[in-house]
Amino acid sequence: MTKEYKRYMVTAALPYANGPKHIGHLAGAYIPADVYVRYLRLNNKEVVFVSGSDEHGTAIPNQALKENTTPKAIIDKYDALIRDCFHKLGMSFDIYHRTSEPIHHETSQQFFKKIYDKGLLTEETSEQYYDDDAKVFLADRYIVGTCPKCGHPNAYGDQCEKCGSTLSPSELINPRSTLSGKPPVLRPTKHWYLPLQNYEGWLKEWILDSHKEDWKTNVYGQCKSWIDAGLQPRAMTRDLDWGIKVPLPNAEGKVLYVWFDAPIGYISATRALFKELSEGKKEFATPQSTFNSPKVDDWKKYWQDGETKLVHFIGKDNIVFHCIIFPIMLHAEGEYILPDNVPANEFMNLEGDKMSTSRGWSIEMHEYLEDFPDKPDVLRYVLLTNLPETKDSEFTWKDFQAKNNNELVAIFGNFVNRALVLTQKYFDNKIPALGALTDVDQKVIADLKEFPSRIAESIENYRFREATAQLIDLARLGNKYLAETEPWKLAKTDLPRVGTILNLALQIAASLSIVCEPFLPFTSKKLKDMLNFSLENWSDAESSSLLKIGHQLGEVKLLFEKVEDEVIETQIRKLNDKKKMMEQLAQPVEPAKPEISFDDFSKMDIRIGKILKAERVEKSKKLLKLQVDTGIDTRTVMSGIAEHFSPEEVIGKQVTILVNLAPRKIMGVESQGMILMASDKDGKLRLLQPSEIVAPGSKVS
RNA sequence: GGCGAGGUAGCUCAGUUGGUUAGAGCAUCGGAUUCAUAACCCGAAGGUCGGCAGUUCAAAUCUGCUCCUCGCUACCA
């Protein structure tokens with residue numbers, strides 16, 4: 001698919017404004033998006049680049065509770081923090097908007113109303129969890145309980161933060177409301193669903209057939225997996241008082257599902273951009289180009305014209321929403337274009353472990369910027385060279401240091417410095433004249449000419465690591481040229497020849513200043529200042545005569561500085577300290593359950609039994625089939641402990657067993673009773689045993 | 001267990017319409033050099049391309065099986 005498009009609409013995932021964002025997010029979506037967009041602008045393409053804070057959904061009020069404040073205060077705080085970090089890292093959004101803005105509410109409601117009026121939504125009443133004391137329906141996030149996957153006692157109804165599993169409240173063991181602490185009750189409620197299954201055929205054709213070649217395998221594979229699994233109706237509304245009101249009568253207390261409104265945020269942001277520009281305002285807009293005489297409706301060109309190329313940059317966790325649900329929404333609405341590509345990245349790990357803000361194993365954007373305020377480009381560069389483009393990648397501080405010292409300082413910075421210092425020394429900081437060209441000169445001119453188009457090809461195919469490597473290769477070309485021609489030696493005998501060499505070396509530096517702009521915008525600016533140069537066209541970078549003879553150069557500075565060992569050691573220590581602190585902070589001791597009577601307790605018949613036999617259950621990772629001598633009888637119990645115990649090590653062990661639990665068929669086998677386990681903070685299970693051996697059948701009371 | 005992604009040099013990663021001696025950067029070793037932030041430049045070494053079998057004149061690349069890692073999903077305390 002190499003359709004020529006007239007303009008580009010580029011989106012970067014809306015960061016969820018419930019906390020700070022880390023460098024993994026940058027590597028996943030923002031940096032590639034920014035490089036792509038800056039490159040397009042240098043090519044004089046019409047492009048709009050939007051992002052913004054995602055400020056609805058259940059986790060926002062939840063975070064407000066945690067921080068003992070209001071949802072509004074939460075979004076204001078994190079929107080400001082993230083916005084500031086993005087700015088300092090050079091993210092060149094034309095607008096960074098907020099989903100709490102009125103124009104977004106309006107856009108989302110119109111969108112919803114339109115597909116509702118077309119009869120494309122179904123109404124269904126279902127049983128949802130309700131807190132009788134607080135008199136509200138409980139969003140998934142407001143229900144906590146024991147995680148069925150890892151045993152974490154404070155897993156949320158939508159996700160376990162310990163093991164990262166996606167959950168639904170009904171899966172939680174001992175669910176309880178975070179508002180009242182009581183177990184929630186089920187209560188009927190009406191919601192509007194988007195019947196995704198109706199679009200299955202269309203989706204298959206659109207993704208599986210027409211994007212097999214041009215979408216990344218990880219993206220395509222995940223879409224295929226979802227489609228093949230069969231699509232289900234998905235609720236587009238929620239019972240919640242935080243969010244966008246459902247624009248229908250009798251919809252009190254209902255808001256749009258955050259994943260319905262969030263992607264529409266891209267559209268709202270674009271609307272807001274052109275509204276502000278047409279009114280001459282700049283509240284959120286930070287236009288990076290002129291958009292000649294923008295009109296309020298110009299956003300439509302970017303969202304509804306088939307000659308616009310729409311590209312979503314996201315992390316892999318967002319694939320299903322951007323490739324399946326949002327396109328279905330756009331298609332259902334009828335007037336919108338679809339993404340041409342969704343070049344989702346995988347995840348970036350940190351020093352051998354998964355990055356996680358809640359576990360403290362992360363480098364948050366603001367933390368980096370506090371410690372390295374003058375090095376946004378270094379982070380951009382290191383992340384670029386290690387983007388998780390085809391598989392999860394890894395960030396280490398040692399690698400950060402090596403990339404900075406060996407590549408940015410030693411190759412890029414050093415080349416520029418050599419060329420400039422020599423020119424200062426021999427030619428009074430002016431571009432020297434070009435004399436007769438040797439074969440070496442001709443070769444370097446020809447090589448230089450190749451770079452911009454090669455780098456361009458990599459960027460256009462979303463291969464940003466490759467593009468970045470080629471950028472450094474251009475600096476290598478310069479270093480090699482100087483090493484081959486050795487102008488410092490010729491200075492005593494043939495100054496005009498030295499002039500020719502330095503002229504060409506400086507042309508390479510000028511080319512670098514253009515080509516590096518998408519990757520290292522701050523460095524580009526600095527280098528241009530040093531060259532006293534300001535051209536801004538990608539294709540100019542092919543030229544080896546950008547700097548005219550006699551042109552006065554600016555002040556020579558160092559582009560990059562070395563990062564010393566101590567700095568790296570400090571960061572690694574800081575990381576480990578933070579993790580320890582979070583571990584202590586997050587003592588997940590489950591609050592007590594509601595009171596019960598002695599009668600309730602005495603209904604349970606708990607005994608000590610002995611495991612006689614144990615075997616793995618076929619087709620199950622977690623189950624062991626146990627034969628237990630309960631003293632009363634020998635019975636079969638299915639127990640989900642296979643990931644913690646092998647059959648061999650459990651045979652002969654005494655265990656605590658609930659013997660009068662109603663039998664239940666599990667994997668086709670009737671399980672008679674339940675083995676009691678202690679589940680540790682880390683989710684590890686331990687047997688409950690008497691301190692000394694007791695007779696099988698001994699009662700526990 | 002099902003589905004998806006991945007397993008290529010010490011490290012981080014490229015590389016599939018199957019085709020000559022499998023690539024890059026870093027790290028290592030050797031050489032050359034001193035204009036430059038002791039940097040640059042040249043060269044060497046380093047891989048049974050997870051394993052087994054198959055298709056083929058030819059397999060990192062295609063097929064089947066298998067092992068390992070990650071994600072989603074199922075069983076479960």
Side-chain angles (χ1 to χ4, degrees), chain A residues 146-151 164-166 171 173-174 216-229 316-317 319-320 346-347 349 354 385-396 398-399 402-403 405-411 413-426 463 465-466 468-470 472-473 475-476 478-491 498 501-502 505 556 558-562 617-624 637-644 658 664-669 671 674-679 683 685-688:
Chain A
T146 302
C147 174
K149 312 276 162 116
C150 72
S165 311
T166 307
E171 293 176 87
I173 295 137
N174 301 320
K216 293 169 62 167
T217 52
N218 57 334
V219 176
Y220 184 87
Q222 219 179 105
C223 291
K224 189 171 182 327
S225 176
W226 265 80
I227 295 169
D228 289 350
K316 72 172 163 187
D317 50 330
I319 290 175
V320 58
E346 302 282 301
F347 288 155
N349 295 321
K354 194 170 298 182
T385 56
N386 212 8
L387 292 177
E389 286 178 338
T390 58
K391 54 185 165 191
D392 288 356
S393 69
E394 173 140 339
F395 179 97
T396 65
K398 199 170 147 283
D399 185 54
K403 294 265 168 64
N405 292 358
N406 302 334
E407 298 177 28
L408 290 179
V409 174
I411 298 173
N414 186 37
F415 163 65
V416 169
N417 189 241
R418 297 170 81 183
L420 285 167
V421 166
L422 285 167
T423 308
Q424 207 170 33
K425 196 161 166 184
Y426 299 119
R463 294 197 297 258
R465 294 169 64 124
E466 185 179 87
T468 310
Q470 286 166 352
I472 285 295
D473 281 343
R476 280 202 173 89
N479 274 320
K480 186 172 175 172
Y481 177 63
L482 290 180
E484 279 173 358
T485 54
E486 301 183 307
W488 51 91
K489 278 191 181 169
L490 298 170
V498 175
I501 294 165
L502 291 181
V556 180
L558 294 179
L559 280 180
F560 304 99
E561 60 185 23
K562 284 203 156 196
V617 177
E618 278 209 32
K619 298 187 176 183
S620 170
K621 260 193 291 200
K622 298 188 180 176
L623 285 179
L624 288 186
V637 178
M638 301 293 274
S639 182
I641 57 173
E643 287 180 318
H644 300 88
L658 179 61
R664 182 175 162 193
K665 265 204 172 183
I666 295 162
M667 298 291 282
V669 179
S671 180
M674 182 165 108
I675 306 293
L676 303 185
M677 291 281 165
S679 73
L685 299 182
R686 305 262 154 67
L687 298 175
L688 285 184

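Only this structure's heavy atoms are used, side chains among them; waters, hydrogens and symmetry mates stay out. Quick caveat: nothing in here was measured; it's all calculated off a predicted structure. Chain letters run A, B, ... following the sequence lines, proteins first, then strands; residues in each count from 1.
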Quiz item: In B/S/- notation, 5' to 3', how is nucleotides 35-47 of chain B contacted by protein heavy atoms closer than 4.0 Å?
Solution: BBB-SSSS-----
Nucleotide N/O of nucleotides 5-10 of chain B paired with protein N/O under 3.5 Å:
none

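We find that A:K316 and A:D392 are joined by a salt bridge, their nearest charged nitrogen and carboxylate oxygen being less than 4.0 Å apart.
The NZ atom of A:K216 sits 11 Å away from the P atom of B:G15 (whole-angstrom rounding). Distance, A:K316 NZ to B:C72 P: 9 Å, rounded to whole Å. For A:K489 and B:U33, the NZ to C1' distance is 7 Å, given to the nearest whole Å. Atom-to-atom, CG of A:L387 to P of B:C13 comes out at 11 Å; the value is rounded to the nearest Å. Between the C1' atom of B:G71 and the CG atom of A:N349 lies a distance of 12 Å, rounded to the nearest Å. We find that CG of A:D392 is positioned 15 Å from P of B:U69, with the value rounded to whole Å. Between A:N386 atom CG and B:A24 atom P the separation is 19 Å, expressed in whole Å. Summarising the geometry, the separation between CD on A:E394 and P on B:C26 is reported as 19 Å, rounded to the nearest angstrom.
As the counterpart of B:U69, B:A5 is assigned, both hydrogen-bonding distances of the Watson-Crick or G-U wobble pattern falling under 3.5 Å. Shown here, B:G64 forms a base pair with B:C52; the pair counts as Watson-Crick or G-U wobble because both key distances fall under 3.5 Å. Look at B:G18: it lacks any Watson-Crick or wobble partner with both distances under 3.5 angstrom. Applying the Watson-Crick and G-U wobble criteria (two distances, each under 3.5 Å), B:C13 pairs with B:G23. Using Watson-Crick or G-U wobble geometry with both donor-acceptor distances under 3.5 Å, B:A44 finds its partner in B:U28. Base pairing of B:A74 is not made with any nucleotide, judged by Watson-Crick or G-U wobble geometry with both donor-acceptor distances under 3.5 Å.
For A:N218 and A:E346, the side-chain atoms include at least one donor-acceptor pair closer than 3.5 Å.
Using C1' as the reference atom, B:A59 and B:G51 are 16 Å apart when rounded to the nearest Å. Distance check on atom P: B:G1 versus B:A44 gives 47 Å, rounded to whole Å. Nucleotides B:A45 and B:A24, compared at atom P, are 12 Å apart to the nearest Å. Comparing the P positions of B:U73 and B:U66 gives a spacing of 25 Å, expressed to the nearest Å. Taking atom C1' in both B:A9 and B:U48, one finds a spacing of 13 Å when rounded to whole Å. B:C11 sits 31 Å from B:U34 when the C1' atoms are compared, rounded to a whole Å. Comparing the same atom, C1', in B:C70 and in B:G50 gives a spacing of 16 Å after rounding to whole Å. When the P atom is used for both B:G30 and B:A39, the distance is 16 Å, rounded to whole Å.
At least one side-chain heavy atom of A:F347 sits less than 4.5 Å from a side-chain heavy atom of A:D317. The closest side-chain heavy-atom distance from A:V498 to A:L422 is not below 4.5 Å.
Closest of all the heavy-atom pairs between A:K354 and A:N349 is CA-OD1, 3.6 Å. When all heavy atoms are compared, the tightest approach of A:N386 to A:D399 is ND2-OD2, 4.1 Å. Minimum interatomic distance between A:W488 and A:L482 (heavy atoms only, all atoms of both residues): CH2-O, 3.4 Å.
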Self-check item: Candidate pair A:N417 and A:L558, rule side chain to side chain contact (heavy atoms under 4.5 Å, CB included), full reasoning
Solution: CA-CA 7 Å; A:N417 189 241; A:L558 294 179; 3.8 Å; yes
Exercise. Check step by step if side chain to side chain contact (heavy atoms under 4.5 Å, CB included) holds for A:V556 and A:Q424.
Key: CA-CA 9 Å; A:V556 180; A:Q424 207 170 33; 3.7 Å; yes
Self-check item: Stepwise side chain to side chain contact (heavy atoms under 4.5 Å, CB included) check, A:K216 with A:Y220
Solution: CA-CA 6 Å; A:K216 293 169 62 167; A:Y220 184 87; over 6 Å; no
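Of the possible polar contacts, none joining the A:S671 side chain to the A:V637 backbone as a donor-acceptor pair under 3.5 Å is found. A donor-acceptor pair is defined here as one N or O able to donate and one able to accept, closer than 3.5 Å; no such pair exists between the side chain of A:S225 and the backbone of A:G221.
Along RNA chain B, the nucleotide nearest A:S639 and the nucleotide nearest A:D473 are compared for position; the residue whose nucleotide lies closer to the 5' end is A:D473.
Counting any heavy atom pair closer than 4.0 Å across all strands shown, A:I675 reaches sugar-phosphate atoms only and no base atom. Heavy atoms of A:M674 sit under 4.0 angstrom from primed sugar atoms or phosphate atoms, though from no base atom. At the heavy-atom level, A:S671 lies nowhere under 4.0 Å from the strands shown.
Residue A:K354 places at least one side-chain N or O closer than 4.0 Å to OP1 or OP2 of B:G71.
Considering only side-chain atoms of A:S225, the nucleotide from B:C13, B:G25, B:G4 that sits closest is B:G4.
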